[in-house]
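Below is one structure, written out as structure tokens; comments come after it.
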Amino acid sequence: MGYENIVFEEGSAFLVTGGAGFIGSNLCEAILNLGYRVRCLDDLSTGYIKNIADFFSNPNFSFMQGDVKDYATCLEATKGMDYVLHQAAWGSVPRSIEMPLFYEENNVLGSLHMMEASRQNNVKKFVFASSSSVYGDEPSLPKKEGREGSVLSPYALTKKTTEEYGRLYHSLYHLDTYALRYFNVFGKRQTPDGTYAAVIPKWIKQLLHNEQPTIHGDGRQSRDFTYIENVVEANLKACLASSSAAGQAYNIAYGGREYLIDIYWILANSLGKSIEPLYGPDRQGDIKHSNADISKAKELLGYEGSWSFAMGIEQAIAWYTSAAREIEA
Ligand code: NAD
């Protein structure tokens, strides 16, 4: 739904940075399914070989273990590539508050290296992962491009700065860049593990293990939870967008609004659990409410975003439940 009929030039080659991560591995899979070549660049700092293990037998797939902080690696990785889908970065607002220096180097310098290398190697389109966190303390809803506030975390600042580089690389060097502001993405292969894991996979895993999940705050925070298929569609459509739409940022979401407490009970009920959640303190740097106006991406990228939260969560629960069964077997 949304991208199965997309056609690129025969033999097109895509570089997916962060391709061993959650979003990157789904991008690699979709491009391989469409029949095009994929090079995955990843340093495996937060990604996993298991996410891409199934692709190694496909002759259209190659893996390069490397770090976008190293410019020579970026130059080598972009050689011969038509499209770059740059996902490599560290996520998590709270972790960025603990490690601001690392975030600046990894997310900003790494992205600048990738843009410069893409320019040097005449890449056609440079599509990159930004984030809804760039809206910062701007309270109005829905979030709309051009109406941003002050950012609330080093992570958000890395995305805002990268967007500015994207704008400059288009205006100064005519590299077609597209910043995709993802809103709370979820779906298969998102890691449930670690202190900084996203809530949906983390709660599913805890509930499957009969553990009591913690909700930070009162659970009345709302988010525009976005199913991974919408994000894949947006990346592929951006690769085909016109140059007049480059140098800009786009909200990528479904356009809905889900409350954390409701999501908790959807997950618990689907998994047949009646475990009450624990409540912890609010998290610093978090935005209380977030939902997206997606009209700009629809108009300029031809984005449809047709996977609703309800459709996506059903798929995600089924995937995690069967992955858990495979691990136990
Ligand atoms: P992820 O951690 O699963 O994937 C990121 C991948 O990038 C990992 O495989 C990691 O090993 C790799 N990586 C990190 N630093 C690297 C470096 N220096 N060199 C090479 N590889 C490196 O996270 P994700 O959820 O798939 O996020 C992908 C992108 O989308 C990130 O840029 C993130 O900031 C952005 N984003 C994600 C969400 C979300 O809800 N998941 C929301 C907004 C934005």
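Each ligand, and each atom within it, is numbered from 1 in the order the structure gives.
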Legend entry - Contact (N/O only, under 3.5 Å) between Leu41 and ligand 1: no
Legend entry - Check: Tyr83 ring centre within less than 6.0 Å of Phe8 ring centre: yes
Legend entry - Ring centre gap for Phe309 and Tyr254 strictly below 6.0 Å: no
Legend entry - Presence of salt bridge, Glu148 and Arg181, under 4.0 angstrom: yes
Inset, instruction - Give the residue, atom name and distance (to 0.1 Å) of the protein heavy atom nearest atom 7 (O) of ligand 1. - result: Gly18 CA, 3.3 Å
Inset, instruction - Distance to 0.1 Å, residue and atom name: give those for the protein heavy atom nearest to atom 17 (C) of ligand 1. - result: Asp43 OD2, 3.3 Å
Legend entry - Residue pair His289 / Arg257, side-chain donor-acceptor N/O under 3.5 Å: yes
Inset, instruction - Please examine the side chains of Met81 and Asn121, heavy atoms only from C-beta on, and report whether any two atoms are closer than 4.5 Å. - result: no
Legend entry - Heavy-atom nearest neighbour in the protein, as seen from atom 4 (O) of ligand 1, with distance rounded to 0.1 Å: Gly21 CA, 3.5 Å
Inset, instruction - Could you check which of Leu180, Thr17, Thr46, Asp67 puts a non-hydrogen atom nearest to atom 2 (O) of ligand 1? - result: Thr46
Legend entry - For Ser25, the option from Arg189, Gln87, Lys50 that meets side chain to side chain donor-acceptor pair (under 3.5 Å): Arg189
Legend entry - Short side-chain donor-acceptor distance under 3.5 Å, Arg95 and Tyr103: yes
Inset, instruction - Name the option, out of Val185, Thr73, Asn107, Asp42, that contains the heavy atom nearest to atom 11 (O) of ligand 1. - result: Asp42
Legend entry - atom 27 (O) of ligand 1: nearest protein contact (heavy atom, Å): Ile23 CD1, 3.9 Å
Legend entry - Polar atom proximity, Val68 to ligand 1 (N or O, under 3.5 Å): yes
Inset, instruction - Name the option, out of Gly66, Ala89, Ser130, Cys74, that contains the heavy atom nearest to atom 44 (C) of ligand 1. - result: Ser130
Legend entry - Any N or O of Phe22 closer than 3.5 Å to N or O of ligand 1: yes
Legend entry - Sub-3.5 Å N/O-N/O distance, Ala129 and ligand 1: no
Legend entry - Identity of the nearest option to atom 33 (C) of ligand 1, non-hydrogen atoms only, from Tyr182, Phe225, Tyr155: Tyr155
Inset, instruction - Run the numbers for me: atoms of ligand 1, each under 4.0 Å from some heavy atom of Lys69, listed by number. - result: 18 (N)
Inset, instruction - Would you mind running through ligand 1 and noting each atom that sits below 4.0 Å from a heavy atom of Trp90? - result: 14 (C), 15 (N)
Legend entry - Close aromatic pair by centroid cut-off 6.0 Å: Phe102 and Trp90: yes
Inset, instruction - Indicate, as side chain, backbone, both or neither, the part of Asn184 found under 4.0 angstrom from ligand 1 when only non-hydrogen atoms are considered. - result: backbone
Legend entry - Location of contacts on Ser132 toward ligand 1, heavy atoms closer than 4.0 Å: neither
Inset, instruction - Determine, for Lys69 against Asp67, whether the closest basic-nitrogen to carboxylate-oxygen distance falls under 4.0 angstrom. - result: yes
Inset, instruction - Mind checking whether Leu44 contacts ligand 1 via backbone (N, CA, C, O), side chain (CB onward), both or neither, at a 4.0 Å heavy-atom cut-off? - result: backbone
Inset, instruction - Please state whether Ala20 comes within less than 4.0 angstrom of ligand 1, counting heavy atoms only. - result: yes
Inset, instruction - Specify whether the nearest protein heavy atom to atom 13 (N) of ligand 1 is under 4.0 angstrom away. - result: yes
Legend entry - N/O donor-acceptor pair under 3.5 Å between Asn26 side chain and Phe22 backbone: yes
Inset, instruction - Of the side chain and backbone of Lys159, name the one, both, or neither that has a heavy atom under 4.0 Å from an atom of ligand 1. - result: side chain
Inset, instruction - List every atom of ligand 1 that sits less than 4.0 Å from any heavy atom of Gly47, numbering the atoms from 1 in the order shown and giving each element. - result: 8 (C), 9 (O), 10 (C), 11 (O)
Legend entry - Protein contact to atom 18 (N) of ligand 1 [nearest heavy atom, distance to 0.1 Å]: Asn106 OD1, 2.6 Å
Inset, instruction - Please report which non-hydrogen protein atom sits nearest to atom 28 (C) of ligand 1, along with the residue it belongs to and the distance in Å to one decimal place. - result: Gln87 O, 3.6 Å
Legend entry - Test item: Phe183 and Asn291 side chains (from C-beta on) under 4.5 Å apart, heavy atoms: no
Legend entry - Under 3.5 Å: donor-acceptor pair, side chain of Tyr135, backbone of Glu145: yes
Legend entry - Glu138 (side chain) donor-acceptor with Ser140 (main chain) under 3.5 angstrom: yes
Legend entry - Between CZ on residue Phe14 and NZ on residue Lys125, distance to nearest 0.5 Å: 12.0 Å
